[in-house]
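The structure appears right after this line, and notes come after that.
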Amino acid sequence: MLKNTCFATRIFMIVLALGSIRTPQGQSPAPQLGRNSLKEVIAAMTVEEKVKLLVGMGFNADISGLPPIDEEDRRTPEKVVGAAGRTHAIPRLNIPSLTLSDGPAGVRIDPMRKGDNSNTYYATGFPIATLLASSWDTETARRVGAAMGSEVRDYGIDILLAPALNIQRNPLGGRNFEYYSEDPLIAGKMTAAFVSGVQSNGVGTSIKHFAVNNQEFNRMQSNSVVGERALREIYLKGFEIAVKESQPWTVMSSYNLINGTYTSQSSELLTTLLRGEWGFKGFVMSDWFGGNDAVAQLRAGNDMLMPGFVAQTEAIIKAVSDGTLTEKQLDTNVERVLNIVLQSPTFKQVNSSNQPDLKAHAQVVRGTASEGMVLLKNDNDALPITPMKVALFGNASYDLIAGGTGSGNVNKKYVVSLDEGLSSAGFNLDESLRQTYKEFITDQMAKRPKPKPFFPPLPIPEMSVATDRLQQLANMSSVAVFTLGRSSGEFEDRNVENDFTLSADEQKMIESISNAFHAKGKKVIVVLNVAGPVEVASWRNKVDAVLLAWQPGQEGGNSIADVLTGKVNPSGRLAITFPMAYPDVPSARTFPGRELVGMKPYLQNAFAGKPAEAVYDEGIYVGYRYYDTFGVKPAYEFGYGLSYTTFSFDNFKASSKSFENPLKVSVTVQNIGKVSGKEVVQLYISAPSKRLKKPKNELKAFAKTKLLKPGEAQTISFELSSKDLASFDPSSSSWIAEAGTYWLNIGSWSTNIKASGKIELAKDIVVEKSQKLMLPPPGLKEIEPRN
Ligand code: BGC
């Protein structure tokens, strides 16, 4: 039996055997997890053992200001080097240590191990979550999850600290790249599919950061002040869908407070809602060093404290001994954790090969990345292009940004840059331009100041190219491609200037390339290698085509080339609105909030920030719900995206004219263009608003067609339940579908409705009755549309 198990597992089993041999004479052997019932195992645990299980370990970095870590923990060798954390083993009871590792775009572990020169431990760098969401295809998310989950298993990890599904409330959110969308339905559906993919490998996930964690500014001590309706309909909805549809093994509570209570200390959030209303079965872990009261966390249902520090252990033991925390509560927390331990690959002694199929996964990256790229502009069919002589501009063309920074970064073996991708696709690149860029980038990177540990690297300036050289290049090349890059990540939000907006250097480059190439009748294509919206309105008229490639993972250059050449017809659609200007963003005035001067900080270190508050006064009017309802025209609408072909939508059918539960809706999509392609079908509902004001349109269902050949058609069907018609009414704490006329609008984006029909609902339906939870302070004023 020992033959097929890995070295670490064998050691663990030997330790275990020794443990039972050493059982004091006369005493019956200690119950063993897996062999005895959970009840027996828990009954045999000392308070110290229970606390040990609930307080994690594995954080070894020396950062001043962080609470002291147990020295013995620090010395315990890591099973997987570079993983974010572990739980404690209790060998006496056959409880192994679980390993937890980030993150949403791939397994984050160290690629090299001390004393092991013959092996490497690279993981695949997958496309960022924002790109996956832009595929509008849950199968794409599932595929990526399944591939990533197999790396989790092959590297001997038990739980992937992903996916992350906070709402992209504001384009400046530093971690938006880890999140899916401004819309909770997309976020929830993508998460559910991703979780199913990962967990199909027998490993777990931790959906994070629960909840209302939409910024990095003062992230560990910021209070998100949010109304009940917005909380339910926007910020919790995605989590609700994900929990109900995919039962993730764990949930990670967030750093922030909601209406004055740390999420990790809110029993309303973690017990009443998550477990009571939604039926979550796994355990909740804190975000790393999140919250300020270990006892309150356990009581609230935050079962695992990560990454664990000495003061937490002491506080819990003291609380049990002085009776402020019951042992029964500890038992509840322990039972939830042990239930997951029982399912874990470590407990089941699954062999970790340390040899994931990186080659096969690179193909998954290449294919899924092109699935989520969005063609924003394509005047006079500037794209696709056949291999030709191309002048390739922009730092990011040669140093492609595959993903974001911080815990969502992946230690991947390579990144295919766009120059490499285009060369492999048969394009002829100007060699001297390539050389100049490479030298410039190396030089600028060497010169830039080092970032603070863990913080994102500072950007380097865009290289400028002199007018005469541009003219030469325009003479010699058939087309110009300029890539605009943006990097962002954990610990910092983005800036408006030179980040959301283009820098003067970038504006000038676009202008000069455009002048030089258009003068010769040659096209200019811009590739956006970004994680979130940038300003486009001021420069898009100067170029012929814009491809939003996002941060596409390690095969990025190949995936972009696939779309530019038409090998893949773009079928991505925006899952976040691109505003005309930053002040148009509904949360522009209130993001990222303000510091609460004079309030005592709980933590003081480079990451903790200060006590702060962000007032979500836009309420439910986030993203397109705001732009559509308040008549603010964005640069590119939610759901927007072009194709190299065109589609017709016909044959709209609803199973009934009055609402029946479920209501079946279908439409036939036909490819009426000249090349094969996929279309995204988006179903929006425009609901009556007598009792509650409603957004003009709300996404209620979506699907992507298969690859349709020219002339080919496919009928797409949806089922709507009464919950899809309902809004959350704070006055009665219930989800209510109001009586009246509902328009069912099907389109290829939110303002491009191609087929619609209406149904009547005769009487109000109270779809679900809930209760008052996490109430905002009295007097919170939210914006409202006039009618
Ligand atoms: C992040 C989490 C991450 C954890 C462990 C925290 O800083 O917020 O998303 O999973 O670190 O790396």
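Every number for a ligand or one of its atoms is a count from 1 in the order of the listing. Just so it is clear, the model here is predicted, and its values are computed rather than measured.
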Open item on the list: Is any side-chain heavy atom of L773 closer than 4.5 Å to one of L269?
Closed with: no
SB check [X] [Y] (cutoff 4.0 Å):
| X | Y | result |
| --- | --- | --- |
| D303 | R275 | yes |
| D287 | K208 | no |
| K189 | E245 | yes |

Task: Ring center gap for Y255 and Y262 short of 6.0 angstrom - done: no
TODO: State whether F194 and R142 meet the cation-pi test: NZ (Lys) or CZ (Arg) under 6.0 Å from the six-membered ring centroid, and within 45° of the perpendicular axis.
DONE: no
Filter the ligand 1-protein atom pairs down to N or O on both sides and distance under 3.5 Å, then list them.
from, atom 1, to, atom 2, distance (Å)
ligand 1, 7 (O), R219, NH2, 3.2
ligand 1, 7 (O), Y255, OH, 3.1
ligand 1, 7 (O), E490, OE2, 2.5
ligand 1, 8 (O), R175, NH1, 2.7
ligand 1, 8 (O), R219, NH1, 3.4
ligand 1, 8 (O), D287, OD1, 3.3
ligand 1, 8 (O), D287, OD2, 2.6
ligand 1, 8 (O), E490, OE2, 3.4
ligand 1, 9 (O), R175, NH2, 2.8
ligand 1, 9 (O), K208, NZ, 2.9
ligand 1, 9 (O), H209, NE2, 2.7
ligand 1, 10 (O), D102, OD1, 2.6
ligand 1, 10 (O), K208, NZ, 3.0
ligand 1, 12 (O), D102, OD2, 2.4

